[in-house]
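The chains referred to below are lettered A, B, ... by the order of the sequence lines, with proteins before strands, and numbering in each begins at 1.
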Amino acid sequence: MDVSKLNPEQRKAVETTEGPVLILAGAGSGKTRTLTARVARLLEKGVPAWNILALTFTNKAAKEMKERIEAMVGESAADAWIMTFHSACARILRRDIEKLGYKRSFVIYDSDDQQSLLKDIVKRMGVDDKAFSPKSVSSLISDAKNHLILPAEWRDTHADDERSETIYNIYLEYETRLKALNALDFDDLLVKTLELMVEHPPVLEYYRNRFRYVMVDEYQDTNEVQYRLCQLLTKESQNLCVVGDDDQSIYSWRGADIHNILDFEKDFPNAVVIKLEQNYRSTANILDAANQVIAHNEQRKDKRLWTEEGEGEKIHTFCADDDRSEATWVANRIIELHKQGDAYQNMAVLYRVNAQSRQVEDMLVNSGIAYNVYGGTKFYDRREVRDVMAYLRVLANPADDMSLRRIINVPRRSIGDSTVSLLEEHARGNEMPLYSALTDMPEKLTSRPRKCVQEFAGLMTLLSVEMATMPLPEFVEDLMVRTGLRAQYENDPTDDAADRLKNMEEVVNAVRQFAAEHEGATLEEYLENVALITDMDTTKETDGHVTLMTMHSAKGLEFDNVFVIGMEENVFPSYRCVDDKVKLEEERRLCYVAMTRARKRLYLSRARQRMVFNQVNMNPPSRFLEEIPRRLMEDEWATRHERAFGKEPPPMRSTQKPQPRMIKRPDDPLNLQRSNPLGIPGVQKGISAVPQTAGFRAGDHVMHRKFGEGVVTDLVGTGVDARIRINFTAFGPKEFSLGLAPIVKMED
DNA sequence: GAATAAATTGTTTTT
DNA sequence: CAATTTATTC
């Protein structure tokens, strides 16, 4: 293991192999390199690979780490568990879940499955499905599970009203049904693993002995269950090494608790804390800007990333007329960069919500530029693909009524709703899965549907025999023929059907690839893989392709040129977060993550108006834009006097156009609402509620939107670069750019 | 029971 | 607007 390429802090992280270690790794600080080197070091010291557990959040991160470790030490790392939390839990459960009363053939329900189950429950309970939409209920349940709150506890900790009672009933029924279906949702994978460890000490003992060294990546994103699992596993060995960055915590909406990383030193008082603060990725300007933005957060560990890189280009900003011309601008810049010799794979367009990819896609298609969109509608979310999966799931786990119901009449085989209802009723009466009702039919069933069901039951029996005898890929191919799924689309001349057919063929390819990578793989293993894989993980041809993805998905990645689009209030930060201080700080962290993805050039764009919900919406520039010091930015209008479409620049003053919605700021003591609808960074014209450079002197009493009262101590520089230093009564001395800081002079 | 027409409804972010 | 759900007709 050659540590000479590491800096002193990184080296310390690699060499500290024993005891609790907290590595605070800023963006681009060589985190993965350090982590992989640490694993290599452990192996080199003679720690057997099977003693090592390295947990990540994404398959991509796991895969990368695994590959890099293998490149360093070769096959000797093969026995180490380097995988996501969810995969590790699935694997642990596959061994011992029978101790919890499930069967080992359990299936994993994704959020779609979860929601259709909830929908079914709500419908059967006869409650108002508007007030209890599957979406809202599923997030409540997920939230409860992530905090280890079982139905009974949920009821005890919530108001004693009708709504809570109903939710409790749904939650309870949901749990009961899942168990009957022999299915686990995503949260269950973690919760049940914890349950297994807590209630079955020998199991815990086994894994404690096995995993002597536990490492956790992106620790700031762990939720309570993951946290407890880590604590439990390392209680004896104390060998828990966590890596994270509180500034990059962007998953609290999924139960991630930032306190897990903030309180690590409390949990392990003897922890070695290592800070990786040198950034090897971005130019100084980009890093500086990102640092400035994140400095506006109150809830954070103080740190400052630095770099040896040169300043580089300024951050390019642009304000387009609408979302369409914003996309055109992006496409044009991409073309320009490409002409300069930058390859498309070095460019990424990042956005807040998946829907924003549409316009950019259109423009890239028009320009003939290849691209990959990550996220959004996933391959495995397509109807035809899910149909195939439903067949496979029923065969793997006949208790899966939900999947069976999905495919019992797909393709059409004249088993309609009324027949299914009869079968279901009968199955429920006899406390058996729906699948059993296919062969043990209720007497009420008349001869015609009876025959159809019989035929279907015969098909399923045939398939289960084939499943046991044929290699997996061939079996899947055969299944699509025997079930008639193929024929359904083959006889359809529309383009749509051709696409679907192609997707089904893609499933066979995926199975074939999986079988090739995992020798002797079973159907269960394949299904598990499918359930835990995301769109990010499907291998794509990246060469010559521009990357389009959400800022969330971009975490952990880096590109030479990064475009962040939709830098507007109510878009980014999202309208759902604008009124909540805590949520807003998470948005800001997301902004920090997005900005720090860029190595050489960062482009921030916004649109004056944008179509949202099928109506025109006008939003002021994102507050994050205003948190970047002006000296680091260069606006296209100001410098080039050009427009995406060669139109005249719009008037600087708003005429009768619809007024943008004002941002509500309950915490704004002076009511300094943004009155700068057309405000262009770099062209300081519109900020009118904020006093301009003139008028401040040392000794003046001022009021800041966030920091409250203070006294001006100093003024530095002139013009756009002018800065002001203020000593706040409550927050001490701070420095701001005079043009940007939301301060006003107080009347004495 | 199936095919078609009408109506409704929704947009964070993901394992 | 587009995709899904519900109503209507055959």
(request) Answer yes if the side chains of A:Asp323 and A:Gln359 hold a donor-acceptor pair under 3.5 Å, and no otherwise. (result) yes
(request) Please determine, by modelled atom types, if A:Gln226 and A:Glu224 share a side-chain donor-acceptor pair under 3.5 angstrom. (result) no
(request) Output the single nucleotide from B:dT11, B:dT15, B:dT13 whose closest atom is nearest the side chain of A:Lys135. (result)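 When the side chain of A:Lys135 is considered, B:dT11 is the closest of B:dT11, B:dT15, B:dT13.
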(message) Please enumerate all residues that pass salt bridge (Lys or Arg N to Asp or Glu O under 4.0 Å) together with A:Asp112, with sequence neighbours excluded.
(response)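 Salt bridge (Lys or Arg N to Asp or Glu O under 4.0 Å) list for A:Asp112, sorted by chain: A:Arg386.
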Would you kindly give the [atom1]-to-[atom2] distance between [X] and [N], to the nearest whole Å?
X: A:Asn146; N: B:dT14; atom1: CG; atom2: C1'; answer: 12 Å
X: A:Asp381; N: B:dT14; atom1: CG; atom2: P; answer: 12 Å
X: A:Glu586; N: B:dT14; atom1: CD; atom2: P; answer: 13 Å
X: A:Asn619; N: B:dT11; atom1: CG; atom2: P; answer: 19 Å
X: A:Leu190; N: B:dT14; atom1: CG; atom2: C1'; answer: 13 Å
X: A:Asp112; N: B:dT14; atom1: CG; atom2: C1'; answer: 12 Å
X: A:Asp113; N: B:dT15; atom1: CG; atom2: P; answer: 16 Å
X: A:Gln226; N: B:dT14; atom1: CD; atom2: P; answer: 16 Å

(message) When the C1' atoms of C:dT4 and B:dT13 are compared, how many Å lie between them, rounded to an integer?
(response)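 Straight-line distance between the two C1' atoms is 23 Å.
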(request) Write down the distance separating the C1' atoms in B:dT11 and C:dT6, rounded off to the nearest Å. (result) 22 Å
(request) Take A:Arg608 and A:Glu326, measure what salt bridge (Lys or Arg N to Asp or Glu O under 4.0 Å) needs, and give me the verdict at the end. (result) CA-CA 9 Å; A:Arg608 186 163 285 106; A:Glu326 181 186 37; over 6 Å; no
(request) Go along nucleotides 1-10 of chain C 5' to 3' and tag each nucleotide: B for a protein heavy atom under 4.0 Å from its base, S when only backbone or sugar atoms are that close, - otherwise. (result) BS--S-----
(request) Determine, for nucleotides 1-7 of chain B in 5'-to-3' order, which nucleotides have protein heavy atoms under 4.0 Å from the base (write B), from only the sugar-phosphate (write S), or from neither (write -). (result) SSS----
(message) Name the residue from A:Val107, A:Leu178, A:Ile97 that meets the side chain to side chain contact (heavy atoms under 4.5 Å, CB included) definition with A:Leu184.
(response)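 For A:Leu184, the side chain to side chain contact (heavy atoms under 4.5 Å, CB included) test succeeds with only one of A:Val107, A:Leu178, A:Ile97, which is A:Ile97.
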(request) Determine, stepwise, if the pair A:Glu361 / A:Tyr371 fulfils side-chain hydrogen bond (donor to acceptor under 3.5 Å, both in side chains). (result) CA-CA 8 Å; A:Glu361 283 187 68; A:Tyr371 63 89; 2.9 Å; yes
(message) Taking the six-membered ring of A:Phe106 as reference, does the cationic atom of A:Arg94 (NZ for Lys, CZ for Arg) lie under 6.0 Å from its centre and within 45° of its axis?
(response) yes
(message) Is A:Ser553 close enough to B:dT14 that one of its side-chain N or O atoms is under 4.0 Å from OP1 or OP2 there?
(response) yes
(message) I want to check one thing: is the phosphate of B:dT15, taken as OP1 and OP2, less than 4.0 Å away from some side-chain N or O of A:Ser111?
(response) no
(message) Any carboxylate oxygen within less than 4.0 angstrom of a Lys/Arg side-chain nitrogen, looking at A:Asp113 and A:Arg393?
(response)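 Salt bridge flag = yes for A:Arg393 with A:Asp113.
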(request) Please assess A:Arg177 against A:Asp120 for the test side-chain contact (heavy atoms from CB on, under 4.5 Å), listing each intermediate value before the final yes or no. (result) CA-CA 10 Å; A:Arg177 287 284 296 278; A:Asp120 187 64; 3.0 Å; yes
(request) Scan A:Phe57 against the nucleic acid and name what it touches under 4.0 Å (heavy atoms): base, sugar-phosphate only, or nothing. (result) sugar-phosphate
(request) Have a look at A:Asn354 and say if it touches a base, only the backbone sugar-phosphate, or nothing, with a 4.0 Å heavy-atom cut-off. (result)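 Here A:Asn354 touches the backbone only, sparing every base.
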(request) Please check if the distance between the ring centroids of A:Tyr251 and A:His552 is under 6.0 Å. (result) yes
(request) Kindly state whether the pair A:Tyr251 / B:dT13 counts as stacked, where counting means centroids closer than 5.5 Å and planes tilted less than 30° apart. (result) no
